[in-house]
Amino acid sequence: MSYSTTVDHEEHHDHPSGMLRWLTTTNHKDIGTMYLTFSLIMFMVGGAMIMAVRAELFQPGLQLMHPEFYNQLIGVHALVMIFAALMPAATGFANWMLPLQIGAPDMALPRLNNWGFWLLPPAAILLTLPFTLALFGIGDGAIATGWTFYAPLSVQGGIGVDFAIFAVHLLGISSVMGSINIIVTIFNMRAPGMTLMKLPLFAWGWLITAFLLIATIPVLAGAVTMLLTDRHFGTHFFDAAGGGDPILFQHLFWFFGHPEVYILLLPVWGFIPQILSTFARKPIYGYKAQVYSLCAIGVLSVVVWAHHFFTAGMPVPALLYFMYSTMAISLPLAVLFYCWIATIWRGSMTFETPMLFAIGWIILFGIGGLTGLVLADVAADAQYHHTYFVVAHFHYTLFAGGIMGIMAGVYYWLPKMTGHMYNEKLGKLHFWLTAISFNLTFIPQFFLGLAGMPRRIPDYALQFSEFNMISSIAAFTLGLTQLLFVYNIVSCARGGKKATDKVWEGSNGLEWTLPSPPPYHTFNEQPVIR
Amino acid sequence: MARLRITRIWQCLLGALLPLTAHADYAWNFPKPVTPMALDTLQVHNKFMIIVMVIFVVVLGIMIYSIVMHRKSRDYQPAGFTGPSTRAQLFWTLVPFAILLYIDFILMGIPAFHSVVAMEDTRTDADMVIKVTGSQWRWQYEYMDGPAKGISFVSNMTTPQEQINNQAAKNPEYLLEVDNPLVLPTDKKVRVLLTSSDVIHNWWIPAFGAARDAIPGFLRETWVKIEEPGTFRGQCKELCGKGHGFMPAVVIAKNEEDFNAWATSKKAELQAAAAGADKEWTKEDLIANGKGIYEKNCAVCHQVGGQGLPPAFPALTGSKIATGPILDKDNKMVKDGHLDRVMNGKGVMPAWKGILNDTEIASVITYERNALGNSLGDMLQPAQVKAMR
């Protein structure tokens, strides 16, 4: 194999080093690393925000902050976690692993890739800057409308809304750039012999995600632009007094917002089977069924948007349509669950950290999925809607199903990326503390929601005290536990036991045929798939 | 020995938790339903929960079995299958799919259909109509027909700020108490019309199962048929700005006789208050009366000290409107002047003429012009307000 001897030769290549390397790089691995680092930083920022919120909710009464500031924290927490933590993490993996997995030397459009990343930091600054500006008496802080920007509240809001609108524009452009790159790479750069039906599932998950992003991000961009003109240029898109309709905003927003949920999760659904297969030492079960299910979910996700605002009032046929189509998503999703479980069934399992996260992920994401099925029922949804039941449900899908999945991926590929093994004991500790404190945080919230606690309230009635206290304590534990994660990643990047090329006994796929870490230019000789 | 220690830890943990359960008000499910819709919702919810629990336990059971049995440390040899290969296997892969299809569209789908149709049917056999208007951050109730027809009032939260700021012990109904609860008759189908004067709110009382957005510029509707007398409490549940957590909705359900008696006395009370318009008031009385009205109705937005919350809620201190002329030289209302704004509203400022009576409007305007850092020295008589209606 020719690539193993090229490692030293790589060093002589003429590419910048130090800071300039990172600023100007078009190398998919460098950009992937930047995406992942950015994501980790923003994950901690978003986490710190919600720690403050949980501290406020520790007891009834207002202890730490004004309701206005509280609303800003919950809104920016969501925007940061979705756009600046979860999405860049998935894009980071795509940049790192897609070329490796499909036998390509790099991404197809490297310069676009560089731009895609460098739009993110300014967007993150735009999101968080209003907090700082408010300290100096400029404006009244960040966006305080929740992440959904619902008009007319957002029309009425302060300068923070404008900042958020521009941040969303930048994030959207970045996502569309990333998506174009991924689609072009997958369609054009596959190694000879790698047909679409031999594509790794991670690539499939991302391919569908990329199409969803290109289909829906422009709708969000349009919606927030209309909001901007309503705010400053005298239009009345969302103002009934001028002939507009506030519910129009919700339709536009959720036409993006619902697929967004799947945009966050589809890449994870792609690599989880690979992890399960590796540690069960058994091939992926039902590859084709999974591909078709991923496609079906992609299509269904764009036709169910209105289930997010059943209580806004809709004609009965619309309610029924959105109810049944939402329930229908459970079918392809159930196929995926079936395949994941059949993949570990009669395997020869070991339980390294990535496997622990992957199995924990199936169970916890299962809770998120099943409670989502309940939410689809219009009649029951009137009770669940905008309560902590929904908060708990979507944290089971987005934290357990999204972020814990990403963590599985991090531990799975970290030795490949850094060339060093991470600390397995710390990794396991991280998993168990995360899983336990996560459940203790959000199970009480299911009950809070059923008992009638609305979400996004800074203070609550006395009957909700005990569960909130439990939830807060567990949330602090969950937050602090993530410091272990950061420590483990940083120490792994700085050194440690050398990782072998194959890293995991049961791993298969092109990325494991390369040295750890892979050479700067991934494949000098194109692999051939038979 | 180890087992003993674990038992002891368990006992300590339980001991630590026990005092918590002793007086904690844990609620594990929806509040007791008092309307057909809430009962229906609870039943749907319970049924659904059982189904998803069963699915979860079965799937988890299969996974745990596999995790315990099929592990490398037990030297289990991995199988190599990648999909169903025999007809029997194919059958068993399709069974879960079929079960789910059955649950989604038959077992739950059909009752859900009927629930939705019943939920949306606000008009059949409706006995009375009320209108609920949400505004930042209070509810306004209007009786459109029936014995209480014509009654309208504003419902504000009454929890004192000291309790919210933890400077005083909290009432048992902390954050769920109002000055003017909505009173409804039991066993009558009440059609509830909802709208809003500023942003989207959501009128929600968990025991009723009815939750519907109140949307500015549009009418939305739902219905309740309360089956037992009592006091039922809920909150706004659509994020509506800084006061979102402080916008309770309280309904007192009375039987028909008590409801009629309440309607009669409430009408008399409102009439007596309106009669105040015919008497000549002193400035001091108007200011004193206006203070309470301001703090109840205006302070949530314009703040107790009148400094406002720009940009949505302008300051009243030194404001052009609140210090400008009220009436022009022909004794007509100045367009966009102080009285016009209060009476007819503008933008997110609600029109108060339907909510406050003449005395209240005159008092609050006089207060705003002679307090909150303003000292114009003029005043407005209730009779003048009455003349402008």
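Note that the structure is predicted; figures quoted are calculated from it, not measured. Every chain is numbered from 1 and lettered A, B, ... according to where its sequence line falls, protein lines coming before strand lines.
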Checking [X] side chain against [Y] main chain: does a donor-acceptor pair fall under 3.5 Å?
X        : Y        : value
B:Arg220 : A:Ala312 : yes
A:Ser348 : B:Tyr76  : yes
A:Asn71  : B:Gly241 : yes
B:Asn166 : A:Leu62  : yes
B:Lys237 : A:Arg455 : no
A:Tyr338 : B:Pro96  : no

Chain A: which of [options] shares the most heavy-atom pairs with it under 4.5 Å?
options                               : value
B:Met53, B:Gln235, B:His244, B:Met108 : B:His244
B:Gly209, B:Pro31, B:Ser115           : B:Gly209
B:Ala210, B:Gly217, B:Ser66           : B:Ser66
B:Gln163, B:Met49, B:Met37            : B:Met49
B:Ile67, B:Leu176, B:Asp198, B:Asp121 : B:Ile67
B:Ile103, B:Ile215, B:Asp40           : B:Ile215

Interface moiety of [X] toward chain B, non-hydrogen atoms closer than 4.5 Å:
X        : result
A:Glu505 : side chain
A:Gln59  : neither
A:Pro60  : both
A:Ala376 : neither
A:Ile359 : both
A:Met469 : neither
A:His385 : both
A:Val374 : both

Donor on one side chain, acceptor on other, B:Tyr174 and A:Asp459, under 3.5 Å: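 A:Asp459 and B:Tyr174 do have a side-chain donor-acceptor pair below 3.5 Å.
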Top of [options] for chain B proximity - count of heavy-atom pairs under 4.5 angstrom:
options                                : answer
A:Val155, A:Leu448, A:Val378           : A:Val378
A:Asp381, A:Ile344, A:Asp245           : A:Asp245
A:Gly449, A:Pro283, A:Gly286           : A:Pro283
A:Phe310, A:Tyr324, A:Tyr287, A:Phe337 : A:Tyr324
A:Leu370, A:Ile74, A:Ile457            : A:Leu370
A:Lys288, A:Lys282, A:Met453           : A:Lys282

What do you reckon, are the aromatic ring centroids of [X] and [Y] less than 6.0 Å apart?
X        : Y        : result
A:Trp345 : B:Phe81  : no
B:Trp28  : A:Phe446 : no
A:Tyr384 : B:Phe30  : yes

Part of [X] within contact of chain A (heavy atom distance under 4.5 Å):
X        : value
B:Phe218 : side chain
B:Asn171 : backbone
B:Pro172 : backbone
B:Leu194 : neither
B:Leu60  : side chain
B:Glu173 : neither

Do [X] and [Y] have side chains that approach each other closer than 4.5 Å (heavy atoms only, starting at C-beta)?
X        : Y        : result
A:Leu320 : B:Val116 : yes
B:Ile200 : A:Pro152 : yes
B:Phe56  : A:Ile363 : yes
B:Pro216 : A:Pro246 : yes
B:His45  : A:Gln383 : no
A:Tyr285 : B:Thr93  : yes
A:Leu331 : B:Phe105 : yes
A:Thr387 : B:Trp204 : yes

Taking atom [atom1] of [X] and atom [atom2] of [Y], what is their separation to the nearest 0.5 Å?
X        : Y        : atom1 : atom2 : result
B:Ile51  : A:Leu373 : CD1   : CG    : 8.5 Å
B:Lys242 : A:Phe69  : NZ    : CZ    : 15.5 Å
A:Arg281 : B:Gln77  : CZ    : CD    : 10.5 Å
A:Phe309 : B:Asp213 : CZ    : CG    : 10.0 Å
A:Thr311 : B:Asn202 : OG1   : CG    : 4.5 Å
A:Asp377 : B:Thr41  : CG    : OG1   : 8.5 Å

For A:Thr350 and B:Ser73: C-alpha separation, side-chain torsions, deciding distance, then whether side chain to side chain contact (heavy atoms under 4.5 Å, CB included) applies. CA-CA 7 Å; A:Thr350 50; B:Ser73 55; over 6 Å; no
Nearest heavy atoms of A:Ser330 and B:Asp104, plus distance in Å: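 Taking A:Ser330 first and B:Asp104 second, the nearest heavy atoms are OG-OD2, 2.5 Å.
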Criterion side chain to side chain contact (heavy atoms under 4.5 Å, CB included) on B:Val199 and A:Tyr150, from CA distance to verdict: CA-CA 9 Å; B:Val199 304; A:Tyr150 276 1; over 6 Å; no
Kindly determine whether B:Phe313 and A:Gln156 satisfy side chain to side chain contact (heavy atoms under 4.5 Å, CB included), including the steps that lead there. CA-CA 9 Å; B:Phe313 309 114; A:Gln156 188 189 88; 4.2 Å; yes
With side chain to side chain contact (heavy atoms under 4.5 Å, CB included) as the test, would you mind laying out the steps for B:Glu238 and A:His386 before giving the verdict? CA-CA 7 Å; B:Glu238 174 68 62; A:His386 275 309; 2.9 Å; yes
